There are 2 protein chains.
Amino acid sequence: MTREKMNNLSHIERLCIKKGLKMTGQRRVIAHVLSHAHDHPDVEELYRRASKLDNNISVATVYRTVRLLEEKGILEKHDFGGGRARYEVTEQGTHYHLIDVDTGKVIEFEDPEHIKMIEIMAKKLGFELVQHRLELFGRRIKTEQDS
Amino acid sequence: MTREKMNNLSHIERLCIKKGLKMTGQRRVIAHVLSHAHDHPDVEELYRRASKLDNNISVATVYRTVRLLEEKGILEKHDFGGGRARYEVTEQGTHYHLIDVDTGKVIEFEDPEHIKMIEIMAKKLGFELVQHRLELFGRRIKTEQDS
DNA sequence: ATAGTTGCAAACTATTTGCTTTTGA
DNA sequence: TCAAAAGCAAATAGTTTGCAACTAT
């Protein structure tokens, strides 16, 4: 696939335009990749995917772009261990991550009750909650179905 | 202060001995520093503090020692942003961190209710909770006392 | 036209490692 | 005594940056 075949505007590209970002070819490709990623890729992986669509992209640009998009609130950066930052498109409503310690797979979930709880926690400590991070690390519970 | 003046066994040193670690002069100094740290220093800072007690310590040794102590469960490693890992002595009972976004100060607190809540969360998703991480980022609420 | 963006390679930062020398048990 | 630990400097890994050449607006 080449850049030309990727002709319809992606979700992220639309967001970029709304934020007034200059849409270069590279950014369009990266935006496309992000729009279609339903996981939590690191820069290396984004670079790999983007390069498949357009081999005229450098890692530096990917780094610069994810930083920009993070600043604009379009992307979220995570540290799931393993030394590299991982990204995902910002969704409405905070959600959490459960990392399977055996496989490294990440499961997303949300819990509005939990948010209420920690807002109260913060208030008790004299703070207004700006942001928060919850990560669970767990091991799959064996069931009958498991061989 | 020199290494010789630091003659009574520190808490961490005792733990190290219990784990059967070879107690070198350097480890004794680092153990002492850790025992007396009531914050969350990074390696650079530990190195600085240790060097004041004994200028015969290299950063490499600090890195090797914190890794060892982390493996032994004596230390915990945190990522509070800012690019460097930060350490603290493991305490009984999980506790959380609230980071003041304006000053960078870290406040510790615990909440057994919260632990119960997330154990249930994990179970609902079919996982047994192995470990977890909760970090709040907040802004101090202004009160009458504040100038 | 021109401010903003890119590629490239060099720089940087945090951390790890290979190897020789030293040291605690 | 001798495996384990330390120092030093070089290596790695992830990420950032300076600069000259481009490109969207």
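Every value quoted in this text rests on a predicted model; they were computed, and no experiment measured them. Chain A is the first sequence line, chain B the second, and so forth, proteins listed ahead of strands; every chain is numbered from 1.
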Distance check needed: D:dT15 P versus A:Y87 OH, whole Å only.
6 Å
Could you give the CG-to-P distance, from B:N56 to D:dA5, as a whole number of Å?
17 Å
Correct closest heavy-atom pair for A:G138 and A:L98 would be N-CD1, 3.8 Å
D:dT25 C1' sits how many Å from A:R28 CZ, rounded?
12 Å
Interface residues of residues 60-69 of chain B with DNA chain C (non-hydrogen, below 4.0 angstrom)
B:A60, B:Y63, B:R64, B:R67
When you check the phosphate oxygens OP1 and OP2 of D:dA4, does a side-chain N or O of B:T24 lie under 4.0 Å from one of them?
no
Can you tell whether the side chains of A:E45 and A:R48 come within less than 4.0 Å, N to carboxylate O?
yes
So if I apply the side chain to side chain donor-acceptor pair (under 3.5 Å) rule between A:Y96 and each of A:H114, A:R133, A:E108, which one comes out positive?
A:H114
Atom CZ of B:R84 and atom P of D:dT15: how far apart are they, to the nearest Å?
16 Å
Please enumerate all residues that pass salt bridge (charged side-chain N to carboxylate O under 4.0 Å, His left out) together with A:R139, with sequence neighbours excluded.
A:D102
Under 3.5 Å donor-acceptor pair, B:K22 side-chain atoms to D:dA4 base atoms
yes
Cationic N near anionic O, under 4.0 Å, A:K116 to A:E119
no
Atom CG of B:L21 and atom C1' of C:dA25 are separated, to the nearest Å, by 13 Å
Length of the CD1-C1' vector between A:I57 and C:dT6, whole Å:
11 Å
Taking five pairs at each end, how big is the angle between the two axes of the helix from C:dA1-D:dT25 to C:dA25-D:dT1, to 10°?
40°
Does any non-hydrogen side-chain atom of B:Y87 lie less than 4.5 Å from one of B:L69?
no
If you compare every side-chain N and O of A:Q26 against the phosphate oxygens of C:dG7 (OP1, OP2), does one of them come in below 4.0 Å?
yes
State which residue, out of B:E88, B:E135, B:R86, fulfils the side chain to side chain donor-acceptor pair (under 3.5 Å) condition with B:H97.
B:E88
Separation between OG1 of A:T94 and CD1 of A:I115, rounded to the nearest 0.5 Å:
4.0 Å
Whole-Å distance separating the CD atom of A:E45 from the P atom of D:dA13:
18 Å
Gap between atoms CZ and C1', on B:R86 and C:dT15 respectively (whole Å):
17 Å
Would you mind telling me which residue lines up with the more 5' stretch of DNA chain C, A:S58 or B:A85, judged by nearest nucleotide?
A:S58
The single option from B:I30, B:I57, B:V66 that satisfies side chain to side chain contact (heavy atoms under 4.5 Å, CB included) with B:L46 is B:V66
